[in-house]
> 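The structure follows.
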Amino acid sequence: MTPKALSLTISLLGLSLFNSNDKYLTIRKTISEVRVLEEGLKSELLGFKKMGVSEDFFDGAQKDKDYYPLKFKRNNDTFYPNLNVEYFYTESDSTVNAVVYDWDIMNHVNNLKTDVNKIEEQVSRKKEYEIKYNSVQTELIELLGEPIVNKKEKSQQGYFYHSSWEKGDMLTELRMSFTPKLQQAGPFKFGTFRIRLKTFWKR
């Protein structure tokens, strides 16, 4: 088989694995397969990112281990802060263990002092965050059915929304954290403005 024919075969295989409208991984795949997905979505490859996670981050996660999730930016998602996607995988066979979709203003903050305006601008955008959260929740309901948890809570610390689904060995959680008033520590102002969708598979 010629290199050109091989390339065409791989492209066709990618089309058979994923629909171009797919946004959220609901079937466990390998890193090679999700690369095909993200390429189909015209995502920007950000590479591997070294990080640590808590033991409850996904099933089998180890607190003192370095992980190197493969990271993408979804440029076709028009909500700001932009959507970043991280795929965690088993090193032995590259099977995805967990995938995290983050709309998080802190991905755009390099310095709390010089980038404080990016954080301050979020305070007035609660309605926009709610619309985005509800939109993602609706998409997930179409994929997974009604959530087993669906809560919206308000406290002095902020607004906290949580929906979750369980399907076979797959668990999916959608959360929104929104700070209505910035906190201050010395010269720094900060708050939480994030929508996070996390899916992981039981071992």
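Small disclaimer: the values here were computed from a predicted structure and weren't measured.
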> Following the transitive rule for hydrophobic clusters with a side-chain heavy-atom cut-off under 4.5 Å over Ile, Leu, Val, Met, Phe, Trp and Tyr, establish whether Val123 and Trp103 coincide in one cluster.
yes
> Within 45 degrees of the axis of the six-membered ring of Tyr159 and under 6.0 Å from its centre: does Lys154 put its NZ or CZ there?
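Ring-cation test returns no.
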> So which heavy atom on Ser163 is nearest to which on Pro147, and how close?
CB-CB, 4.2 Å
> Would a distance-only check, ignoring hydrogens and angles, find a side-chain to backbone donor-acceptor pair under 3.5 Å from Arg28 to Val96?
yes
> Are more than 12 heavy atoms from other residues, nucleotides or ligands located less than 6.0 Å from atom CD of Glu91?
no
> Can a donor-acceptor pair be found, under 3.5 Å and without considering hydrogens, that links the side chain of Tyr89 to the backbone of Tyr68?
yes
> Which atom names give the shortest non-hydrogen contact between Ile119 and Leu182, and what distance separates them?
CG2-CD2, 3.6 Å
> Working to the nearest 0.5 Å, report the span between OG of Ser43 and CG of Asn75.
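Interatomic distance, Ser43 OG to Asn75 CG, rounded to 0.5 Å: 7.0 Å.
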> What verdict does the side-chain contact (heavy atoms from CB on, under 4.5 Å) test give for Asn97 and Phe200, after you've listed the backbone C-alpha separation in whole Å, the side-chain angles of each residue and the deciding distance to 0.1 Å?
CA-CA 6 Å; Asn97 291 326; Phe200 65 90; over 6 Å; no
> Do side-chain atoms of Asp104 reach the backbone of Arg194 as a donor and acceptor pair under 3.5 angstrom?
no
> So which atom in Pro69 and which in Met51 form the shortest heavy-atom distance, rounded to 0.1 Å?
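In this case the closest contact between Pro69 and Met51 is CG-SD, 3.6 Å.
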> Run His162 and Glu153 through side-chain contact (heavy atoms from CB on, under 4.5 Å) and show every step you take.
CA-CA 9 Å; His162 175 207; Glu153 300 177 349; over 6 Å; no
> Between the side chains of Tyr87 and Glu38, does any donor sit under 3.5 Å from an acceptor?
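Yes, Glu38 and Tyr87 have a side-chain donor paired with an acceptor closer than 3.5 Å.
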> Is there a continuous path of hydrophobic side-chain contacts, each under 4.5 Å between heavy atoms, that joins Met176 to Val149?
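Shared cluster, no.
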> Under 3.5 Å, is there a donor-acceptor pair between the side chain of Arg125 and the main chain of Tyr80?
yes
> Hey, could you give me the OG1/CG distance between Thr26 and Leu144, rounded to the nearest 0.5 Å?
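Output value for this atom pair is 6.5 Å.
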> So that I know where these two stand, are Phe58 and Tyr67 an aromatic pair - ring centroids less than 6.0 Å apart?
yes
> When rounded to the nearest 0.5 angstrom, what is the spacing between OH in Tyr161 and CG in Asn150?
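These two atoms lie 11.0 Å from each other.
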> When clusters are formed by joining ILVMFWY residues with side-chain heavy atoms under 4.5 Å apart, either directly or through shared neighbours, do Leu143 and Leu83 land in the same one?
yes
> Is a side-chain N or O of Thr138 found less than 3.5 angstrom from the main chain of Asn134, in a donor-acceptor match?
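Looks like yes, one N/O pair under 3.5 Å.
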> Would you say Phe160 and Ile105 are hydrophobically clustered, going by side-chain heavy atoms of ILVMFWY under 4.5 Å?
no
> What is the minimum heavy-atom distance between Thr192 and Thr179, and which atoms define it?
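Closest pair (atom of Thr192, atom of Thr179, distance): N-OG1, 2.8 Å.
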> Starting from Leu46, can I reach Leu37 by hopping between I/L/V/M/F/W/Y residues whose side chains sit under 4.5 Å apart?
no
> In sequence, state the C-alpha distance, the side-chain angles, and the governing distance for Leu45 and Leu70, and then conclude on side-chain contact (heavy atoms from CB on, under 4.5 Å).
CA-CA 8 Å; Leu45 175 63; Leu70 183 61; 3.7 Å; yes
> Should the pair Glu130-Lys126 be classified as a salt bridge under the 4.0 Å nitrogen-to-oxygen rule?
yes
> Could you check whether Gln122 and Tyr129, counting side-chain N and O atoms only, form a donor-acceptor pair closer than 3.5 Å?
yes
> Does the pair Leu197 and Thr172 meet the rule for a side-chain contact (heavy atoms from CB on, under 4.5 Å), with working shown?
CA-CA 7 Å; Leu197 169 62; Thr172 297; 3.5 Å; yes
> Can a donor-acceptor pair be found, under 3.5 Å and without considering hydrogens, that links the side chain of Ser155 to the backbone of Gln157?
yes
> As an exercise, state the distance from CD of Gln62 to CG of Asp66, rounded to the nearest 0.5 Å.
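One gets 11.0 Å once the value is rounded to the nearest 0.5 Å.
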> Would one find more than 12 heavy atoms of other residues, nucleotides or ligands at under 6.0 Å from atom NZ of Lys113?
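It does not: Lys113 NZ has 12 such atoms or fewer within range.
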> Would you call Lys71 and Asp102 a salt bridge, using N to O less than 4.0 angstrom?
no
> Taking the six-membered ring of Phe57, is the NZ or CZ of Lys198 close enough (under 6.0 Å from the centre) and on axis enough (within 45°)?
yes
> OG1 of Thr199 to CG of Leu140: how many Å apart, nearest 0.5 Å?
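Those atoms lie 7.5 Å apart.
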> Looking only at atom types and distance, does a side-chain atom of Asp115 sit under 3.5 Å from a main-chain N or O of Lys118, one as donor and one as acceptor?
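Judged by distance alone, no pair lies under 3.5 Å.
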> Asp77 pairs by salt bridge (Lys or Arg N to Asp or Glu O under 4.0 Å) with which of Lys132, Lys23, Lys42?
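For Asp77, the salt bridge (Lys or Arg N to Asp or Glu O under 4.0 Å) check succeeds only for Lys132.
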> Mind checking the CG-CE spacing from Asp59 to Met170? Nearest 0.5 Å is all I need.
14.0 Å
